[in-house]
Each structure stands twice: as C-alpha cells, then as structure tokens.
There are 2 protein chains.
Amino acid sequence: MGMPNREDQVKALANETRIEVLRLLDDPATHFSKQESADPVEIGVCVQLLAEHFGVSQPTMSRHIELLKRAGFIVAKRQQKWTYCSRDDAALADYTRWLISSLNIKTF
Amino acid sequence: MGMPNREDQVKALANETRIEVLRLLDDPATHFSKQESADPVEIGVCVQLLAEHFGVSQPTMSRHIELLKRAGFIVAKRQQKWTYCSRDDAALADYTRWLISSLNIKTF
DNA sequence: TAGATAAATAGCGAATAAGCTATATGTCAA
DNA sequence: TTGACATATAGCTTATTCGCTATTTATCTA
C-alpha cells in the first residue's frame, strides 16, 4: 500500500461523522448485527447500513467511505451487490504513532 | 479551561501548517533563537516570527494561531507589543489520548 | 429480459477554509 | 502627540467540504 498520505489522513479525521464511522466499525456486532447478507464482524458493514445509521443519504456516506479509504483507514471489499467496509486497525495505529511522534508528545 | 471542544481540536489539526507550528513550538530554541524581545523557550514565539518562518502574511498566521488557541493547543500571552505563543503540551496529550480511546486503538 | 437493489458518479447549492490587502487597535518611544 | 511597530479585524477571492437529488453502473432474481 506504500507510504500513507498524511494530508489525506489528517483531513479524513477532520469530521465527526467519519470519526464515528471508524468507532462503530471497531465493534460492528453491537450496531450492525441486523445485516443479513454477510457477517458484519468477519466481512464488514455495507454502505447503505452506515448511511441509515447516520441518517444521511447513500451518496453522502459513499463519499465519506471514499475519503476514509483514501486515507487507508478502512478497507472496502466488493461482494455481490454490496461493498463491505471494515477498519484497518494497523493504519489507524500507524497514523496515531505518526501524529504523536511528529508533534513530539511525551506524556501519556 | 473546561471541557475541550473536540470539533475545534479535530479541525485545528486538519492543516499541515498548523501541525508544523505545533511541532516547531515544541523546540523554539532551534528555529526562533533570533527573537530578542523575549526568550522564545521561556515566554514563547511571537506571531510575526511564525509568519516569516512559513512565508505567510501576518494576518494569515494570526488566524492559524486563533484556531490553535480555540482548540486549546497553544497559549498566547500578550506582553507589550507582542503576542507570544507557546504549546500546551497537556492539551495535546489529552487530545491524543481522547483520539486513541474514542477510536479504540489498541496496538502501540 | 425486466425489475429491484446497492453503490458510484455527476452536478448543484450552501457553508467553511485559507490565502491576500487594507485598515483598526494597542503599545511604546521620541 | 506623533510615528513606528506588532497584532487583530474586516472584507474579498478562490478552493474545498458536505449535504442533497438525479442518474448511471453493477449485480441479482423473478
């Protein structure tokens, strides 16, 4: 996947809806267990279900997903009609490590 | 200072110039030792010097500083003609802790 | 082959962001 | 009190963001 674009990552997290999407995707079982086409934990959560959860239109959620994908924070796999979204925990950990070290934050 | 506004903080870090300002303010001695009106390490760095360093106009840097202040990431103290900016390390640490825990990032 | 469903894309409007110049305000020194 | 300097504010332009609806593309099913 190569070097992540920090500008993309920084912008991806500049929106509370997208942060919340990432938070929910950490525990899909709690909020998306009603998804029947595929196991939300194993495969991911489809765009439509995310749109419904946030009360935004499907194209709007599709755009959020695109930005999160570009940042590398989520992985989307197409399966039949659906695009299943899941978190890339390693990318998120990498980003926070970068942020902390580039700001030289010492205390934790 | 009360509860930090996470929206303000998230937006404050959505810009590479502001991230770089925070990075430089961690080590003012290296880049701002030429400041004569006050010790950059003890007191802070004035707006004009920051504007020069980044090659932006004084009002533009003033605006960046305002956003960083609102986020709580820098403290600005007015002294005579100057406004000296310094990092609030505790606020930055608090923000990163919030980010990590609200995204539930485990690996470090 | 139609029709239904999921997602992506195009295109629009309102709001926000980031730069600038010009001007106002505050502070100090002559 | 005037002039100089640092900062803040006002107002403008351009670009981006974020929402929407309408449409297109892809996939499945009757």
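Note that the structure is a prediction, hence the values are computed from the model and not measured.
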Asker: Give a yes or no answer on whether the side chain of A/R18 reaches the backbone of A/A12 with a donor-acceptor pair at less than 3.5 Å.
Answerer: yes

Asker: Treating primed atoms plus P, OP1 and OP2 as sugar-phosphate and everything else as base, which nucleotides of nucleotides 13-24 of chain C get B, S or - for protein heavy atoms under 4.0 Å?
Answerer: ----SSSBBB--

Asker: Assess the pair B/H53 and B/F32: is the distance between their ring centroids shorter than 6.0 Å?
Answerer: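 They qualify: ring centres under 6.0 Å apart.
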
Asker: For the side chain of A/S62, starting at C-beta, report the closest nucleotide among D/dT27, C/dT9, D/dT7.
Answerer: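 Looking only at heavy atoms from C-beta outward on A/S62, the closest nucleotide is C/dT9.
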
Asker: Rounded to the Å, how far apart are A/L13 CG and D/dC18 P?
Answerer: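 So the CG-P distance, A/L13 to D/dC18, works out to 12 Å.
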
Asker: Using 4.0 Å as the upper bound for N to carboxylate O, is an ion pair formed by A/K69 and A/E66?
Answerer: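 No, this pair does not count.
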
Asker: When you compare the side chain of A/N5 with that of A/R70, does any pair of heavy atoms fall below 4.5 Å?
Answerer: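 Side chain of A/R70 against side chain of A/N5, heavy atoms only: no contact under 4.5 Å found.
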
Asker: So which one's nearest nucleotide on DNA chain D is more toward 5', B/V47 or A/Q79?
Answerer: B/V47

Asker: When the distance from NZ of B/K77 to C1' of C/dG26 is rounded to whole Å, what number comes out?
Answerer: 19 Å

Asker: Grab the CD-P distance between B/E36 and C/dC28 for me, whole Å please.
Answerer: 18 Å

Asker: Quick one: A/K81 NZ to C/dT5 C1', roughly how many Å, whole number?
Answerer: 4 Å

Asker: Side chain of A/Q58, backbone of A/L49: donor and acceptor closer than 3.5 Å?
Answerer: no

Asker: So, are B/R87 and B/D27 salt-bridged, with charged N and O less than 4.0 Å apart?
Answerer: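 Here B/R87 does not pair with B/D27 in a salt bridge, since their nearest N and O are not under 4.0 Å apart.
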
Asker: Could you tell me the separation between the CH2 atom of B/W82 and the P atom of C/dC28, rounded to a whole number of Å?
Answerer: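 Whole-Å distance recorded here is 8 Å.
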
Asker: Looking at the side chain of A/T83, which of C/dA7, D/dT7, C/dA6 is the nearest nucleotide?
Answerer: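 Per side-chain heavy atoms of A/T83, the pick is C/dA7.
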
Asker: How far does the helix from C/dT1-D/dA30 to C/dA30-D/dT1 bend, going by the axes of its first and last five pairs, to the nearest 10°?
Answerer: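 The end axes of the helix from C/dT1-D/dA30 to C/dA30-D/dT1 are about 10° apart, to the nearest 10°.
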
Asker: Which atom names give the shortest non-hydrogen contact between A/I19 and B/S102, and what distance separates them?
Answerer: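 Smallest interatomic distance, heavy atoms only, reads CG2-OG, 4.5 Å.
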
Asker: Is the backbone N or O of B/A38 less than 3.5 Å from a side-chain atom of B/Q35, with the two atoms forming a donor-acceptor pair by type?
Answerer: yes

Asker: Nearest whole angstrom, please: distance from the P of D/dA6 to the CD1 of B/I65.
Answerer: 16 Å

Asker: Tell me: CD of B/E52 to C1' of D/dA6, nearest whole Å?
Answerer: 11 Å

Asker: Under 3.5 Å, side chain of B/T96 to main-chain N/O of B/L92, donor-acceptor pair present?
Answerer: yes

Asker: In whole Å, I'd like the distance from the CD atom of B/Q48 to the C1' atom of D/dA4.
Answerer: 14 Å

